[in-house]
Amino acid sequence: MSVPFDDVEAAEPAPSTHPGLPRSTMAVAGVAIAMAGLMTFTLVQWSDARTRSAELSAEIAAIDARLAELRPELVAAEGQLSGLEERTGLLAPGRLAVCNHSGSTVTVKMVAATWLGADGELQTFNSTDHGLDLWRIPAGERLVLERPQAGWDGSVTYYSLWLRAQGQEFPFAGTWPPAEGGDCVEWR
């Protein structure tokens with residue numbers, strides 16, 4: 001017998017005879033899936049880090065090998081530089097001094113000094129930034145020219161200075177130490 005379509009009431013689904021998994025089992029399964037994902041991610045990251053570490057080790061080994069090749073050249077260049085310093089004194093700064101061997105006081109009117117600083121950079125001092133006639137040297141005296149308040153301790157590799165003596169001005173310029181030797185610019 002068939003039932004007419006409009007006589008059929010909307011039937012509710014039949015209750016399930018299977019009650020499902022307990023909630024605690026579902027929670028443990030969720031945590032296990034999350035932990036498995038986290039472990040997989042960690043293993044991938046560890047593998048990438050290990051690969052990069054191996055690559056860096058290979059790069060370091062190549063750099064060390066190249067450094068070993070260059071070391072003899074570096075030693076040779078250092079020896080040449082040392083020899084150049086000993087022969088010329090151009091790279092090792094001294095302290096600019098004037099020796100007055102005359103019978104009267106001389107005045108240093110202006111000084112310009114250049115030297116290689118401890119940081120390897122070229123440094124300069126110009127006394128005209130601080131005034132003129134900053135140093136007076138009595139007869140028979142030696143004076144290191146310096147201006148600590150201006151940040152200059154007298155260091156010099158190349159210099160130029162003007163002396164005033166007996167009403168006249170005299171220029172001096174050169175590399176340190178002076179070409180005539182000694183540890184000062186000689187005034188006679």
Side-chain angles (χ1 to χ4, degrees), residues 48-49 51-188:
D48 288 347
T51 300
R52 183 65 184 141
S53 175
E55 290 169 357
L56 288 175
S57 293
E59 287 178 28
I60 289 171
I63 290 170
D64 284 345
R66 181 67 178 137
L67 181 60
E69 291 173 15
L70 293 176
R71 189 164 281 124
E73 293 175 28
L74 177 61
V75 169
E78 286 175 343
Q80 290 174 349
L81 181 61
S82 177
L84 180 64
E85 286 179 356
E86 290 172 9
R87 286 192 310 270
T88 65
L90 295 178
L91 300 176
R95 296 201 56 214
L96 183 57
V98 174
C99 293
N100 182 3
H101 298 294
S102 74
S104 62
T105 298
V106 295
T107 302
V108 177
K109 184 174 180 175
M110 292 181 279
V111 171
T114 304
W115 68 98
L116 195 61
D119 60 358
E121 296 293 321
L122 205 56
Q123 308 291 317
T124 60
F125 172 77
N126 184 342
S127 68
T128 60
D129 294 338
H130 307 283
L132 298 176
D133 302 338
L134 298 175
W135 300 274
R136 288 185 180 20
I137 307 165
E141 297 277 329
R142 177 184 183 276
L143 180 67
V144 173
L145 307 181
E146 60 185 2
R147 191 57 67 210
Q149 60 273 34
W152 182 53
D153 67 356
S155 291
V156 62
T157 301
Y158 305 99
Y159 69 94
S160 174
L161 59 90
W162 287 80
L163 290 179
R164 182 181 303 139
Q166 304 156 354
Q168 295 183 350
E169 292 182 3
F170 302 90
F172 290 83
T175 59
W176 198 262
E180 63 271 5
D183 63 348
C184 62
V185 175
E186 305 273 342
W187 173 254
R188 297 189 186 279

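Computation of the quantities below employed the complete heavy-atom set of this structure, encompassing side-chain atoms and omitting hydrogens, waters and symmetry-equivalent molecules.
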Participant: Which pair of heavy atoms, one from Pro178 and one from Val185, lies closest together, and at what distance?
Facilitator: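 Where Pro178 meets Val185 most closely, the heavy atoms are CG-N, 4.2 Å.
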Participant: Could you tell me which residues satisfy salt bridge (Lys or Arg N to Asp or Glu O under 4.0 Å) with Glu121, sequence neighbours excluded, listed by chain and number?
Facilitator: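 Per chain and number, Glu121 pairs via salt bridge (Lys or Arg N to Asp or Glu O under 4.0 Å) with no residue.
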Participant: Could you list the residues that satisfy ring pair (Phe, Tyr, Trp, His ring centres under 6.0 Å) with His130, not counting sequence neighbours?
Facilitator: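 His130 satisfies ring pair (Phe, Tyr, Trp, His ring centres under 6.0 Å) with Phe125 only.
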Participant: Of all heavy-atom pairs between Pro177 and Gly182, which one has the smallest distance, and what is that distance?
Facilitator: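 That would be CB-O, 3.8 Å.
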Participant: A side-chain contact here means heavy atoms from C-beta on lying under 4.5 Å apart; do Val98 and Trp135 qualify?
Facilitator: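 No - every pair of side-chain heavy atoms lies 4.5 Å or more apart.
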Participant: Is a salt bridge present between Arg52 and Glu59, judged by a nitrogen-to-oxygen distance below 4.0 Å?
Facilitator: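 Judged by the 4.0 Å cut-off on N to carboxylate O distance, Arg52 and Glu59 do form a salt bridge.
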Participant: Considering all heavy atoms of both residues, which atom of Ala97 and which atom of Asp183 are nearest to each other, and what is their separation?
Facilitator: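 So the minimum-distance heavy-atom pair works out to CB-O, 3.7 Å.
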Participant: Under the side-chain hydrogen bond (donor to acceptor under 3.5 Å, both in side chains) rule, collect the residues that match up with Thr128, sequence neighbours excluded.
Facilitator: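 Partners of Thr128 under the side-chain hydrogen bond (donor to acceptor under 3.5 Å, both in side chains) test: Asn126.
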Participant: Of all residues at least two apart in sequence or in a different chain, which pass the salt bridge (Lys or Arg N to Asp or Glu O under 4.0 Å) check with Glu169?
Facilitator: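 Per chain and number, Glu169 pairs via salt bridge (Lys or Arg N to Asp or Glu O under 4.0 Å) with Lys109, Arg164.
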Participant: Taking only residues two or more places apart in sequence, or in another chain, which ones meet Arg66 in a side-chain hydrogen bond (donor to acceptor under 3.5 Å, both in side chains)?
Facilitator: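 With neighbours one apart ignored, the set is Glu69.
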Participant: Using the test ring pair (Phe, Tyr, Trp, His ring centres under 6.0 Å), find all partners of Phe172 that sit at least two apart in sequence or belong to another chain.
Facilitator: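 With sequence neighbours excluded, Phe172 shows a ring pair (Phe, Tyr, Trp, His ring centres under 6.0 Å) to no residue whatsoever.
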Participant: Can you name the residues that form a salt bridge (Lys or Arg N to Asp or Glu O under 4.0 Å) with Arg95, not counting sequence neighbours?
Facilitator: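 Residues passing salt bridge (Lys or Arg N to Asp or Glu O under 4.0 Å) with Arg95: Glu146.
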Participant: Tell me, please, which residues at least two apart from Gln166 pass side chain to side chain contact (heavy atoms under 4.5 Å, CB included).
Facilitator: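 Once residues adjacent in sequence are excluded, the partners of Gln166 under the side chain to side chain contact (heavy atoms under 4.5 Å, CB included) criterion are Ser104.
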Participant: Identify, with sequence neighbours excluded, every residue that meets salt bridge (Lys or Arg N to Asp or Glu O under 4.0 Å) alongside Glu73.
Facilitator: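 Result, salt bridge (Lys or Arg N to Asp or Glu O under 4.0 Å) vs Glu73: none returned.
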Participant: Listed by chain and number, what are the side-chain hydrogen bond (donor to acceptor under 3.5 Å, both in side chains) partners of Arg147, not counting sequence neighbours?
Facilitator: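 Not a single residue meets the side-chain hydrogen bond (donor to acceptor under 3.5 Å, both in side chains) criterion with Arg147.
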Participant: With sequence neighbours excluded, tell me which residues meet ring pair (Phe, Tyr, Trp, His ring centres under 6.0 Å) with Trp187.
Facilitator: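 Listed in chain order: Phe170.
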Participant: Could I get the full list of side-chain hydrogen bond (donor to acceptor under 3.5 Å, both in side chains) partners for Ser155, not counting sequence neighbours?
Facilitator: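 Result, side-chain hydrogen bond (donor to acceptor under 3.5 Å, both in side chains) vs Ser155: Asp153.
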